[in-house]
**Student:** 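Provided herewith is a single structure, encoded as structure tokens, for subsequent inquiry.
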Amino acid sequence: MDLIILIGLQASGKSTFYRAYFSATHTLVSKDLMRNNKRPARHQTQMITEALQAGRSVIVDNTNPTREDRAELIQLAHQFGATVSGYYFESSLKQCLERNKQREGREKVPDIAIFTTLKKLVRPAYSEGFDQLYAVRIACENTFEVSPWEEDAATHGK
């Protein structure tokens, strides 16, 4: 049983990655699916708890830009003995803005949301409690390159 945390800007490929690699094996939890919920963070925690209690693996498909955003998820997973993996989506701002322009309806977010997330985005580190970390890049249409995480000197050991 594991909990996977997707990390990256809006339109960086996180949801497409989930559908391609984990939709058959993991329960999806995403605040994007809770737009009418007045307390999405609380509802997210409840959904993760219920899935882990039932022994199901979970994937959290949000931007998860800060250590604080990820800390609660990691702590919750460890309470249930789940392995915690993080997938960091390495996309440029320009790429995300372009992909966002191609979206329609509720999928499209205001550009300011992407800029705001970029200001908060912190690369993950093993010191946060991750058991596994990966870097993800979009290779071609709906295909991805996934590589083992390499911590830079700035984040190593923090």
**Student:** Taking atom NZ of Lys108 and atom CZ of Arg99, what is their separation to the nearest 0.5 Å?
**Tutor:** 14.5 Å

**Student:** Mind listing the closest non-hydrogen atom pair of Cys96 and Ile114 along with its distance?
**Tutor:** O-CD1, 4.2 Å

**Student:** Given side chain to side chain contact (heavy atoms under 4.5 Å, CB included), test Gln44 with Ser30 step by step and report yes or no.
**Tutor:** CA-CA 7 Å; Gln44 172 179 279; Ser30 172; over 6 Å; no

**Student:** Rounded to the nearest 0.5 Å, how far apart are CD of Glu151 and CG of Leu133?
**Tutor:**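 It is 6.5 Å, given to the nearest 0.5 Å.
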
**Student:** I want to check something: taking the side chain as every heavy atom from C-beta on, are Trp149 and Pro124 in contact at a cut-off of under 4.5 Å?
**Tutor:**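 Trp149 vs Pro124: side chains touch.
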
**Student:** As a quick check of understanding, evaluate side chain to side chain contact (heavy atoms under 4.5 Å, CB included) for Gln79 and Gln75, giving each step before the final call.
**Tutor:** CA-CA 6 Å; Gln79 286 176 1; Gln75 180 182 17; 4.0 Å; yes

**Student:** Between Tyr18 and Ser23, is a side chain to side chain contact (heavy atoms under 4.5 Å, CB included) present by the stated rule, with each step listed?
**Tutor:** CA-CA 6 Å; Tyr18 157 74; Ser23 63; 3.7 Å; yes

**Student:** Side chains of Thr83 and Gln132: any donor to acceptor distance under 3.5 Å?
**Tutor:**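 Short answer, no.
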
**Student:** Any side-chain heavy atom of Thr27 within less than 4.5 Å of one from Ile59?
**Tutor:**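 The answer is no, as the side chains (C-beta and beyond) never meet within the 4.5 Å cut-off.
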
**Student:** Gln95 side chain to Ser92 main-chain N or O, any donor-acceptor pair under 3.5 Å?
**Tutor:** yes

**Student:** Do Glu50 and Gln46 have side-chain atoms, one donor and one acceptor, less than 3.5 Å apart?
**Tutor:**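 Checked: Glu50/Gln46 side chains pair up, N/O donor to acceptor below 3.5 Å.
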
**Student:** Working note: Ile74 + Ile5, criterion side chain to side chain contact (heavy atoms under 4.5 Å, CB included); need CA distance, chi angles, decisive distance, verdict.
**Tutor:** CA-CA 9 Å; Ile74 293 167; Ile5 302 172; 3.8 Å; yes

**Student:** Atom OG in Ser12, atom CG in Leu118: separation rounded to 0.5 Å?
**Tutor:** 11.5 Å

**Student:** Are any of the side-chain nitrogens in Arg103 or Glu98 under 4.0 Å away from the carboxylate oxygens of its partner?
**Tutor:** no

**Student:** Verify whether one side chain among Thr63 and Gln10 offers a donor that lies under 3.5 Å from an acceptor in the other.
**Tutor:**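 No donor-acceptor contact under 3.5 Å links the two side chains.
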
**Student:** Quick one: does Leu73's side chain get under 4.5 Å of Asn64's, heavy atoms only?
**Tutor:** yes

**Student:** Angle class for the Phe22/His26 ring planes (parallel below 30°, perpendicular above 60°, tilted otherwise)?
**Tutor:** perpendicular

**Student:** Between Asn62 and Leu6, is any pair of side-chain heavy atoms under 4.5 Å apart?
**Tutor:**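 No, side chains not in contact.
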
**Student:** Does the structure place the NZ or CZ of Arg137 under 6.0 Å from the centre of the six-membered ring of Phe144, at an angle of no more than 45° from the ring's axis?
**Tutor:**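 The answer is no, since Arg137 fails at least one limit relative to Phe144.
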
**Student:** I want to check something: taking the side chain as every heavy atom from C-beta on, are Val146 and Tyr21 in contact at a cut-off of under 4.5 Å?
**Tutor:** no

**Student:** Counting only heavy atoms not in Glu150, do more than 12 sit closer than 6.0 Å to its CD atom?
**Tutor:** no

**Student:** Check whether any side-chain heavy atom of Phe80 lies under 4.5 Å from a side-chain heavy atom of Ile48, and answer yes or no.
**Tutor:**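 Sidechains of Ile48 and Phe80: no contact.
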
**Student:** Quick one: CG on Asp69 to CD on Glu128, what's the gap to the nearest 0.5 Å?
**Tutor:**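 Going from the CG atom of Asp69 to the CD atom of Glu128 covers 10.0 Å.
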
**Student:** Do side-chain atoms of Ser57 reach the backbone of Asp2 as a donor and acceptor pair under 3.5 angstrom?
**Tutor:**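 Looks like yes, one N/O pair under 3.5 Å.
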
**Student:** Is the backbone N or O of Ala139 less than 3.5 Å from a side-chain atom of Thr143, with the two atoms forming a donor-acceptor pair by type?
**Tutor:**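 Absent.
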
**Student:** State yes or no: are the ring centers of Tyr134 and Tyr88 separated by less than 6.0 Å?
**Tutor:**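 No: the rings miss the under 6.0 Å criterion.
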
**Student:** Report yes if some heavy atom in the side chain of Val58 is under 4.5 Å from a heavy atom in the side chain of Ile4; otherwise report no.
**Tutor:**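 Answer no - side chains too far apart.
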
**Student:** Any side-chain heavy-atom pair from Leu28 and Asp61 closer than 4.5 angstrom?
**Tutor:**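 They are in contact (side-chain heavy atoms under 4.5 Å apart), so the answer is yes.
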
**Student:** Which heavy atom of Met1 sits nearest to which heavy atom of Arg56, and what is that distance?
**Tutor:**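 Closest pair (atom of Met1, atom of Arg56, distance): CG-O, 3.8 Å.
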
**Student:** Counting distance only, does the side-chain N/O of Tyr87 pair as donor-acceptor with the main-chain N or O of Ile7 below 3.5 Å?
**Tutor:** no

**Student:** Checking Asp131 side chain against Val84 main chain: does a donor-acceptor pair fall under 3.5 Å?
**Tutor:** yes

**Student:** Answer yes or no: is there a donor N or O on one side and an acceptor on the other, between the side chain of Glu107 and the main chain of Glu104, under 3.5 Å?
**Tutor:**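 Between the backbone of Glu104 and the side chain of Glu107 there is no qualifying donor-acceptor contact (under 3.5 Å).
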
